[in-house]
Amino acid sequence: MASSHSSSPVPHPSSGGSEGLFQKDRDPSSLHYRPIHSLPDVCPKEPTGEAARGLCEGPSVVADQHRWTVYNSKVNLPAALNDPRLAKRESDFFTKTWGLDFAETEVTPSFYLPNITKEHFGPYLQETAQREKIHERCKNICSNKDELDAVSSITNNHDKSRTELEQVPKIFMKPDFALDDPTTFNAVLPWSHFNSAGGKSSRDMASSRLLQEKLSHYLDVVEVSIARQISLRSEAFFHAMSSQHELQDRLTETARAVAVLRGRTAAIERIMCEGPLRALRQALTRSNCARLHNKLKLMAAVHQSQPTVQLLLSTSEFVGALELIATTKEVLQLELQGIHSFRHLGSQLCEMEKLIDKMMVEDFSMYSRSDLSRSLEDDGQVMEKDRLESLVFGLLRQRKLDFLDIYSDEMILAAKSIVTQSVFDSVSQIEEIDTDIVTKLADQMRLMTFPQWFELLKSVFENFILFLKRIKATLSVVRNVVLEALDSNQKSRLLERAAAVGLTEAPGTPLNQEEAELAYLTHEGLFISDALNDAQLHLGASTGQEQSSTVGPRQALSRMDGCGSDSASGTTESSSSREHAFQPGGAAVSSSEDMMPSDLELGRVANNIQELLYTASDVSHDRCVKVLMARAKDGSLERLSSAEFVFLSQAVEGFVRDTEKLCCRRSVSLRGALQSQANRFVHRFHEERKTKLSLLLDNERWKQAEVPAEFQDLVNSIADGRITLPERKPQGTEERKPSDYLHIDGQKYAVVGTVLLLIRIFLEYCQCVNDIPSISTDMLTRLSDLLKHFNSRSCQLVLGAGALQVVGLKTITTKNLALASRCLQLVVHYIPVIRAHFETKLTPKQYSVLRHFDHITKDYNDHITEISTKLMAIMDSLFEKVLSKYEVKAPMPSACFRNVCKQMAKMHEALYELLPEEQTQMLFLRINASFKMHLKKQLARLGVHHDGGPQHGLVTVDVAFYTENVQSLRALEKLDLNMAEIWEQKSSQPAQGTMDLTEAT
């Protein structure tokens, strides 16, 4: 039905056709269509031969409107949609033909139509709401009779058809109904009603006839139902047919209007367009001729580039030659590609570039050698600064970033020669060394005296300082060149970005939509808009503007051609071409910017320059270590005196500080070598003093020694905070008498001579730490070992009675014990002072070594306690021996108590001049407690009680005698003896004297 009213193409009768049928003039497959191309950089050729004919024979909507073209190809849309060959209509007909965007494209809402919402109908709904309610109420009450009849008839028909359809079995309505299914087949044709023997009886015939009538009835019911449904939708089919007829009429009118429009357009093309297009083609031909002329001039400039490069190389203008080579190569690649006469020029330029690379590397090596080997007494200015900058820039441009390795190798050789020359100059001034016999530098240095060698070392230090200053100045120039190149790269990037922004924001006067649609193909992909631009450039611009249309290498070579063979001008122009950036008419970049290393590579070179300065510092230190170790090979540095080693240490530290300040590098090799020698020096220093202290202790008779005035001054200087050895006074000074005691902070110390020398020894340790701070931890360990040795050896000699065999003492007296205790107390007094001094020389991470002083202090206090216990034990054994024979009988005082008082007086006489009063009182309190304990035991054994009897009276007399004698001793007048404790106490509370003794202990 639809196909009978389908649209057909608008007929256009041809010259030989009849009956209005459309005749195709030619096969559309034979037509040739040229693809659209953008405007090329080089001159296009004029259309000739088949190309021009193929261009002209292309289909035109305007000129070929009366002939059949590809634009007349049409398809009947209803026929395509109702294709009977398809099982079902394809739902993706449009999307698969025109793409997925056809179905997904959304229509943009109009800006002129307001967005209508439900709120706009609010007032109207409010006005009509009441009337609508009344209308609905009336409608429900008074329904239309026709509608009721129609509804009732439809309902009856629907119920009837429904009843009839219900008669059809449900199995026929299933979507998976198929007679090839055995179950379905048996359900539709029940063979069980037929005879299984194969005979046809009358009963079987009746059953089959009944089954056939039933199936026919089901078919009639379904067909009637389908016909009823079709009749209900007949109006929609007729409406669609009438709409299609109307659409066909409108399409006919539209085709007639389009034909008229095409005719008018063809007339416009013939009258108004052919002439201007011919003028544009001529303008394009003129532009091509101008470009050809410029190309020939460019070829002439390129032809002169090779002689100019050779001229620049003859004057060592490497940068200018490289710039010219790069520019020429870029011109060959971009502008003159495919020129047969220049086919070998590119390879020749590459070979010349490799030659220039070798020449620059060799020249830089020669410069480095001459700069580092010249006399150090010359001024600190950089030698041939311009030459160095030119070489560095050329090497950077050629990406020869390993040129610093060449400088590093020359630097190492120069450092070796500095040491050799310094030793040669020093040995030549010493007549005792025969260089013909002693040829090695190390042997020559070992034959020098320490002052001579020390002067040599200072000379080496001074030469290396000048050497490092020269290297730093040279590397500063190199670093400045690298930073300038880095800054140039950043500026070029900014200019390119600014030019790109300018091109995107102001590319010229844009074409409107109609002009863009008019820009149709004219000649080999050129557009009308491009032709207009070229015509404006070449017809309305001057010669200067015509030259400005070619940029980058073309400009550089044209200027070079005008300059002739002037090398300076060639270099200048090549430098200017390196700084050339984007211009509105071009998009070329100078070759030097492409050849220069990236910012990351330049940053690495700058870091390598700093690392090279660090390497120079390390090499200088390593060479100085060689000088130091050559002298120390036979142990000469270990045999230095303290003053000489201090001079050596100060010189090394000064050189290290100067190099750190100059190079900002903390080199560790020289410090490490000095530290190694310092450790050996400290070991020898410590062993000498330890041996000296051992000899002093082995010869010590442990008698009180006189204190010279210089030792008292030494102690006084320590009290004033000066932990150093005092300067030696001249011989003519007035001699002062020695003192019996050493006065420190208001206390008197009776000491032996060994302790006085021990004080001087540990001051020597402190003085050595002041002069050489790097050996603080090692010296602290050695000093702690020395103090431990003094403590242990004195314990062996006094408490262990080793002095009886070593010195030949007859016995170790209480005076020897007290004197040893006092000497130990003096050392304990100075340990905090030594600790505070060493703490100022250590770093916070090294504070852990200070714990050695805590251990030493504990050991000394334990030793002092042991001596006090030994004194107590002497009297305790005496009391036990004497009081065990005590008897309570006249005469009084008894001989036992007289003997005890005599021994205590001797003890007091031996200790009073050596120990301070507080320690003397404390010791006698403990002695008194021991006496009371032994007396109490003896009285308990004798059965004497505190009962007021005769024996009690005799004991009281002896105790009074004992108390009177003890309190008559000096410094013991106020000593509370608390003799009442000798009697048995009923109370469990301890006596006051015992508590005082416990607290004191």
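With sequence neighbours excluded, the residues that form a side chain to side chain contact (heavy atoms under 4.5 Å, CB included) with Leu179 are Phe177, Phe185, Val188. Taking Glu132 as the reference, nothing meets the salt bridge (Lys or Arg N to Asp or Glu O under 4.0 Å) condition, with sequence neighbours excluded. For the side-chain hydrogen bond (donor to acceptor under 3.5 Å, both in side chains) test, no residue two or more places apart in sequence or in another chain qualifies with Gln126. Judged as a salt bridge (Lys or Arg N to Asp or Glu O under 4.0 Å), and not counting sequence neighbours, the contacts of Glu166 are Arg162. Residues satisfying the side-chain hydrogen bond (donor to acceptor under 3.5 Å, both in side chains) test with Glu246, not counting sequence neighbours, are Arg250. With sequence neighbours excluded, no residue forms a side-chain hydrogen bond (donor to acceptor under 3.5 Å, both in side chains) with Thr183. Gln490 is linked by a side chain to side chain contact (heavy atoms under 4.5 Å, CB included) to Leu486, Asp487, Arg493, Asp599, counting only residues two or more places apart in sequence or in another chain. Residues satisfying the side chain to side chain contact (heavy atoms under 4.5 Å, CB included) test with Ile268, not counting sequence neighbours, are Met272. In this structure, the side-chain hydrogen bond (donor to acceptor under 3.5 Å, both in side chains) partners of His340, at least two apart in sequence or on a different chain, are Arg343. Residues satisfying the side chain to side chain contact (heavy atoms under 4.5 Å, CB included) test with Leu600, not counting sequence neighbours, are Ser598, Arg604.
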### Task
Just do the side chain to side chain contact (heavy atoms under 4.5 Å, CB included) check on Arg131 and Thr128 with the steps written out, would you?
CA-CA 5 Å; Arg131 287 180 286 175; Thr128 60; 3.4 Å; yes
### Derivation and outcome, side chain to side chain contact (heavy atoms under 4.5 Å, CB included), residues Ser208 and Gln212
CA-CA 6 Å; Ser208 60; Gln212 184 178 1; over 6 Å; no
### Query
Between Arg291 and Lys295, is a side chain to side chain contact (heavy atoms under 4.5 Å, CB included) present by the stated rule, with each step listed?
CA-CA 6 Å; Arg291 292 184 182 182; Lys295 196 77 71 173; over 6 Å; no
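In this structure, CG in Asn607 is found 11.0 Å from CG in Leu602, a value given to the nearest 0.5 Å. Atom CG of Asn489 sits about 11.0 Å away from atom CG of Leu494, to the nearest 0.5 Å. Here the OG1-CG distance, from Thr254 to Leu261, works out to 12.0 Å after rounding to the nearest 0.5 Å. Here the CG-CG distance, from Leu292 to Asn288, works out to 9.0 Å after rounding to the nearest 0.5 Å.
With hydrogens and angles ignored, the 3.5 Å screen pairs no side-chain donor or acceptor of Thr184 with any backbone N or O of Asp180. In terms of modelled atom types and a separation under 3.5 Å, the side chain of Ser287 and the main chain of Ala283 share no donor-acceptor contact.
A side-chain donor from one of His120 and Thr117 sits under 3.5 Å from a side-chain acceptor of the other.
Residue pairs meeting the side-chain hydrogen bond (donor to acceptor under 3.5 Å, both in side chains) criterion with at least one partner in residues 213-227, sequence neighbours excluded, are Gln167-His217.
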